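Working notes, beginning with the structure itself.
All figures in this text were calculated on a predicted structure; none of them were measured in a lab.
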Amino acid sequence: MSAPAATARLPLLAYVYHPQSFAPLSIVEAAEGVCRLLWVVDGAHPDAAVMRRLLAKFGPVIDGAGATADEVAARIAEHAPAGILSLHDADLVWAAQLAERLGLPFHSVDTAVKLTDKHAQRLAFEAAELTVPAFTVIPAAMDAQAAARSAEHFPFPAVLKPRQGQSSRDTLPIASLHELATVIGDLGARADMPHEEYVLEQFVPDASTPLGGVGFAPFVSVESVVEDGVVAHAAISARTAFRWPFRETGYFTPSALEPELQAEVMRVATDAAAALGVTIGCLHTEIKLTDAGPVVIEVNGRPGGGMSEMLERASGFSILRTALRLAVGDPIGLRGPVACSRIGYLLYVFPTEDVEWIDAVEGLPGLRAHAGVDEIVLVRGPGRRIDWREGSEAHVFHLTGTTADLAELRRLIHATTTVVRISGHDEPVGALAERGT
């Protein structure tokens, strides 16, 4: 059978594309031999409109801008896809609505809401009797005084985070009722801030011993595959030390956890998936390590950012390819965790001290020469503004690759701040307005 004929026999997948998720060529590569692609995009998003021409090279494109779910579902149905998939938080509910109309397997609408709404998720955990820190909602546009009154009896310290958001964007520590009022007032005064709801959550204390490994954060994530309602875990990924306030500086897999703790982490991740009613798909579950045991912080209804590539470098197993296979009904039968021959990593590098503007980034060639460095991507070079409120996304550069062991990984982490020198400055008061920024 010729290659074109074999490709024509592959099942068709309606892929709901978002420009802030997996890159088109990564999706196309993962789909090879698995499925053909029907792209569903929102042309109202400027980046999606720009990418539309590229997407069309790899399959038909349906633009859902301005259309109802019924209208988009009818257009998708004309192509008779075998499955539907979205791997971006903002599109999960819409994709679930389309799947419901098309009769295709995906998260239910109720589950998709719980996967993308932090308050709904915590209510589900509470109902399932999982360990959940105290939480409450701060409504959109609530003024500082009203916010303080609503949290008068809340147990501080706490964490304030957008009800819907990712990458630690605008996630802030709150030490007291007075500080909550101040932060809410500051957020409301920012001209660039959308009015959105926040969740105030009691701070989960760190473990008193380095459960995540010496020098690493007491925080892990679990990459899981849910098939026919059965949860299997592909990997546990660890975190490098966090940067204030809650910015992740990097990930690596496999983790440095002891076997008993690994088993407990996976058990908690399984319970969380069941609490949300997940029956199919790939999950990214974030878990805090504490003296009282692992505590689920958040479950995401898609692979973690950078996790698929990192795990594939370490083990050869692709979460992205697995997600595509699941969506078109290809049996997975995972009996994880998968074996890793090396440690895969993704590291985010920030200035030594937070600054508003980057002046120089020196030493990248020297870092690139280190063993285990596959790729370095400069995200914010000289002249670029950097805002810590954007969370982990507000980094200067990131690097990916593999190391033979944890000692080599620690040496590489050290080199990111000793071999590379990042300098910058703060803008004088009033200068931003003069620049029109």
Side-chain angles (χ1 to χ4, degrees), residues 20 23 26 166-169 171 210 212-221 237-256 304-314 340 342-428 432 437:
Q20 293 175 353
S26 295
Q166 58 189 29
S167 300
S168 305
R169 174 183 64 85
T171 299
V214 176
F216 301 129
F219 199 94
V220 296
S221 60
S237 299
R239 297 292 187 278
T240 53
F242 279 23
R243 186 178 176 92
W244 188 92
F246 299 106
R247 284 173 288 173
E248 295 176 341
T249 63
Y251 326 99
F252 63 93
T253 194
S255 72
M307 294 295 173
S308 183
E309 300 90 340
M310 184 176 72
L311 181 56
E312 189 168 6
R313 285 190 297 272
C340 296
R342 291 177 64 81
I343 295 176
Y345 69 83
L346 165 62
L347 302 178
Y348 298 133
V349 183
F350 303 79
T352 304
E353 296 182 1
D354 285 326
V355 293
E356 291 181 66
W357 296 91
I358 302 301
D359 295 330
V361 182
E362 302 170 295
L364 288 181
L367 182 62
R368 198 172 281 118
H370 269 247
V373 176
D374 291 343
E375 182 181 39
I376 297 177
V377 177
L378 181 63
V379 178
R380 288 173 173 81
R384 293 289 303 277
R385 191 181 182 200
I386 184 168
D387 187 346
W388 63 265
R389 296 174 184 83
E390 295 177 24
S392 301
E393 295 299 318
H395 58 275
V396 175
F397 69 92
H398 58 258
L399 64 156
T400 57
T402 62
T403 64
D405 52 35
L406 290 175
E408 187 176 309
L409 176 63
R410 288 186 172 98
R411 287 194 294 271
L412 183 58
I413 293 170
H414 181 67
T416 62
T417 56
T418 55
V419 175
V420 179
R421 297 168 299 282
I422 302 171
S423 59
H425 68 279
D426 291 334
E427 197 76 29
L432 288 180
T437 302

_Criterion side-chain contact (heavy atoms from CB on, under 4.5 Å) against His398, the qualifying member of Val349, Leu347, Leu346_ = Leu346
*Can you tell which of Val379, Val420, Ile386 makes a side-chain contact (heavy atoms from CB on, under 4.5 Å) with Val396?*
Ile386
Does a side-chain heavy-atom distance below 4.5 Å link [X] with [Y]?
X      : Y      : answer
Ile422 : Thr352 : no
Ile343 : Thr402 : no
Ser423 : Asp359 : yes
Val220 : Ser237 : no
Leu378 : Arg380 : no

*Without swapping roles, check the side chain of Arg247 against the backbone of Trp244 for a donor-acceptor pair under 3.5 Å.*
yes
*Main-chain N/O of Leu399 paired to Glu375 side chain as donor or acceptor, under 3.5 Å*: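 Side chain of Glu375 to backbone of Leu399, a donor-acceptor pair under 3.5 Å: no, none is there.
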Gap separating the [atom1] atom of [X] from the [atom2] atom of [Y], nearest 0.5 angstrom:
X      : Y      : atom1 : atom2 : value
Leu412 : Thr416 : CG    : OG1   : 7.0 Å
Asp405 : Arg411 : CG    : CZ    : 6.5 Å
Ile376 : Thr400 : CD1   : OG1   : 9.0 Å
Phe350 : Ser392 : CZ    : OG    : 5.5 Å
Arg342 : Arg313 : CZ    : CZ    : 11.5 Å
His395 : Glu390 : NE2   : CD    : 10.5 Å

_Distance to the ring centre below 6.0 angstrom and angle to the axis at most 45 degrees; does that hold for Arg239 and Tyr251?_
no
*Could you pull out all residues at least two apart from Arg410 that satisfy side chain to side chain contact (heavy atoms under 4.5 Å, CB included)?*
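Residues passing side chain to side chain contact (heavy atoms under 4.5 Å, CB included) with Arg410: Val214, Phe216, Leu406.
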For the student: nearest non-hydrogen atoms of [X] and [Y], plus distance:
X      : Y      : answer
Thr253 : Ala314 : O-CB, 3.9 Å
Ala415 : Leu367 : CB-CD1, 3.9 Å
Arg243 : Glu353 : NH2-C, 3.7 Å
Tyr345 : Asp374 : OH-N, 4.3 Å
Cys340 : Pro254 : CB-CD, 3.7 Å
Thr418 : His414 : OG1-O, 3.0 Å

*asked:* Using the rule given for side-chain contact (heavy atoms from CB on, under 4.5 Å), can you reason through Phe397 versus Tyr348, listing the C-alpha separation, both sets of side-chain angles and the distance that settles it, and then say yes or no?
replied: CA-CA 6 Å; Phe397 69 92; Tyr348 298 133; over 6 Å; no
*Do Thr249 and Phe242 pass the side-chain contact (heavy atoms from CB on, under 4.5 Å) test, and can you show the C-alpha distance, the side-chain angles, and the key distance before you say yes or no?*
CA-CA 6 Å; Thr249 63; Phe242 279 23; 5.8 Å; no
*Plane angle bin for Trp357 and His425 - parallel if under 30°, tilted between 30 and 60°, otherwise perpendicular*: parallel
*Set of residues satisfying side chain to side chain donor-acceptor pair (under 3.5 Å) with respect to Ser308, sequence neighbours excluded*: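 With sequence neighbours excluded, Ser308 shows a side chain to side chain donor-acceptor pair (under 3.5 Å) to no residue whatsoever.
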